[in-house]
J.: 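This is the structure I want to talk about, given as structure tokens.
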Amino acid sequence: MMDNVEHSPGVREYIRRGQVMLAAEAARRAEMRTKKFDTIAVHGLYGMQAALQNQGSIIEPIYLSSAQAFENSDNMEAALAHLMPAWTYSRQGNPTVHYLEETISLLEGYGYPGETGALVTASGMTAVFMATSPFLTVEGQGSRPMNLVAPARCYGGTFMLFGERYGRERGVEIRWVVDPLDLNEWAAKIDRDTRFVYGEMPSNPGLHVFDIAAVADLAHSHGLPLIVDSTVATPALMRPFQHGADIVVHSVTKSMSISGFTIAGALVARHDIPSRVGPDELRANFADHVRQTTYRDHGPSLSPFNALLALNDLRTLRSRMDSLSRSAQQVAEFLAGHPKVEAVFYPGLEGSATHEVAAHYMWLADGQDDYGQPVNRFGHLLGFTVKGKPENARRVLDRLQLVLRAADLGRIKSLATIPAISTHQQQGEEGRKLADISPSLIRLNVGGEHPSDVIQDLDQALG
Ligand SMILES: *Cc1c(COP(=O)(O)O)cnc(C)c1O
């Protein structure tokens with residue numbers, strides 16, 4: 001904190017109180033970091049002390065309030081100068097939103113020895129935007145355009161943000177990696193004008209993978225951050241910081257908020273990340289830096305009401321991802337053996353092109369506590385192509401009775417879509433070819449139903 005000399009005795013008293021508050025929160029955070037994944041997911045930073053300060057409420061209260069009132073002008077001055085922790089105004093911070101941020105930060109940092117920080121946003125796309133745009137500054141730009149390196153096999157919204165908003169509208173050169181398993185291709189695309197390296201692991205909808213540790217080493221050797229979208233895995237199955245990633249983004253909308261009540265996103269960053277641009281604060285604590293700059297000035301905050309909905313679903317993330325992954329494995333194996341199915345894309349299928357790399361990275365957190373030894377789990381998203389003309393895939397989709405037709409995933413209800421006519425429709429045929437998305441591809445989110453009922457529905461639809 002700033003030197004106290006210039007401040008009045010009243011402001012100094014609030015700075016002192018703020019330091020006590022920060023120390024208490026740091027102690028709670030340190031205590032929770034010694035706990036297991038499920039314990040963190042259930043309690044987060046909201047312990048007995050916080051409950052007693054909130055009339056004993058065992059559940060985190062929703063602070064449905066636009067702003068915070070202050071005791072006096074000294075309190076206000078200290079708070080607005082960031083000299084003490086305060087939330088001030090719900091565009092910049094909110095106590096309920098803060099509980100969600102701290103839980104996500106702890107879960108994503110689980111097993112990683114360093115410090116992490118999180119910022120939650122009104123959507124996953126906002127998190128992708130907040131995680132990437134601070135690197136695309138004019139600072140240090142020479143005569144050649146700045147560029148970013150990312151696999152084209154990514155979420156349709158990200159493809160459009162990078163290709164259209166950054167590429168076409170702002171002149172950033174987008175260097176799409178065609179085969180994310182080819183390390184030489186990543187290496188060949190990075191140069192002195194690259195600002196960041198980005199990848200989805202696994203990707204939506206193709207379930208493509210990349211070697212996080214190898215790409216992180218490559219990015220770091222150029223002084224660049226690696227940003228990973230691990231929405232499909234969730235922190236229950238994979239935590240990229242352990243493998244060298246610098247920033248992780250999530251569509252919290254998906255498996256993390258499995259009930260489907262809200263759209264939400266999160267940006268999580270480890271402290272002390274590399275970057276060729278930006279002030280020291282950006283490198284020291286990226287999440288906090290974004291909160292004080294891009295986030296404050298763009299205003300993409302999450303409603304406290306929605307934050308609590310997400311927080312509530314997160315409490316059971318690990319056990320859900322375990323059981324849903326096991327169901328998805330059964331469904332994938334059924335599809336792989338079906339005569340009308342051309343190919344199945346699921347990293348859990350042995351012999352699939354993605355299995356080896358996925359099996360290296362995707363483990364159920366604390367899996368040994370349930371199964372006696374670590375277990376691989378591959379999530380509940382899969383894809384399959386139907387043999388014959390693309391109309392056949394449409395016919396299968398149209399015949400589904402239990403599985404809902406919806407452009408969504410990460411749900412407790414099974415859902416299916418054809419990405420070429422839904423989530424990846426905007427990017428056009430050429431963009432889909434680049435991203436390797438066949439018009440016959442059906443993306444399937446396996447929900448919490450009994451897997452035999454999901455299989456029966458798929459069987460009748462394929463028949
Ligand atoms: C859905 C999704 C996003 C975007 O998240 P929203 O919450 O829909 O804005 C980003 N990345 C991946 C992998 C996604 O599946």
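Quantities reported herein were computed from a predicted structural model and do not represent experimental measurements. Every number for a ligand or one of its atoms is a count from 1 in the order of the listing.
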J.: Can you tell me the protein heavy atom closest to atom 8 (O) of ligand 1 and the distance?
T.: Y155 OH, 3.8 Å

J.: Can you report which non-hydrogen protein atom sits closest to atom 7 (O) of ligand 1, along with the distance?
T.: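 Looking at atom 7 (O) of ligand 1, the protein heavy atom closest to it is T253 OG1, 2.6 Å.
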
J.: Can you tell me how the ring of H289 sits relative to the ring of F286, calling it parallel under 30°, perpendicular over 60° and tilted otherwise?
T.: tilted

J.: Return the orientation label for the H298 and F129 ring planes: parallel under 30°, perpendicular over 60°, tilted otherwise.
T.: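 Perpendicular.
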
J.: Ring centroids only, cut at 6.0 angstrom: are H355 and Y346 within range, meaning strictly under it?
T.: no

J.: Determine, step by step, whether T132 and F162 satisfy the side chain to side chain contact (heavy atoms under 4.5 Å, CB included) criterion, reporting the C-alpha distance in whole Å, the side-chain angles of both residues, the deciding distance to 0.1 Å, and the verdict.
T.: CA-CA 9 Å; T132 52; F162 289 179; 4.0 Å; yes

J.: Does V232, backbone or side chain, put an N or O under 3.5 Å from an N or O of ligand 1?
T.: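 No, there is no polar N/O contact under 3.5 Å.
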
J.: Starting from atom 11 (N) of ligand 1, what is the nearest protein heavy atom, named by residue and atom, and what distance separates them?
T.: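 The protein heavy atom lying closest is D229 OD2, 2.7 Å.
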
J.: Under a 4.5 Å cut-off applied to non-hydrogen side-chain atoms, are Y112 and R270 in contact?
T.: yes

J.: In the protein, what heavy atom is nearest to atom 2 (C) of ligand 1, and what distance, to one decimal place, separates them?
T.: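 Scanning the protein heavy atoms, the shortest distance from atom 2 (C) of ligand 1 goes to K254 NZ, 2.5 Å.
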
J.: Identify, for atom 5 (O) of ligand 1, the protein heavy atom at the shortest distance, and state residue, atom and that distance.
T.: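 Ranked first by proximity to atom 5 (O) of ligand 1 is S251 OG, 2.9 Å.
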
J.: Would you mind checking which non-hydrogen protein atom is closest to atom 9 (O) of ligand 1, with the distance to 0.1 Å?
T.: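 That would be M125 N, 2.9 Å.
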
J.: Taking the side chain as every heavy atom from C-beta outward, state whether H222 and R276 have any pair of such atoms under 4.5 Å apart.
T.: yes

J.: Looking only at heavy atoms of A264, does any of them come nearer than 4.0 Å to an atom of ligand 1?
T.: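 Yes; A264 lies near enough to ligand 1 that a heavy-atom distance drops under 4.0 Å.
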
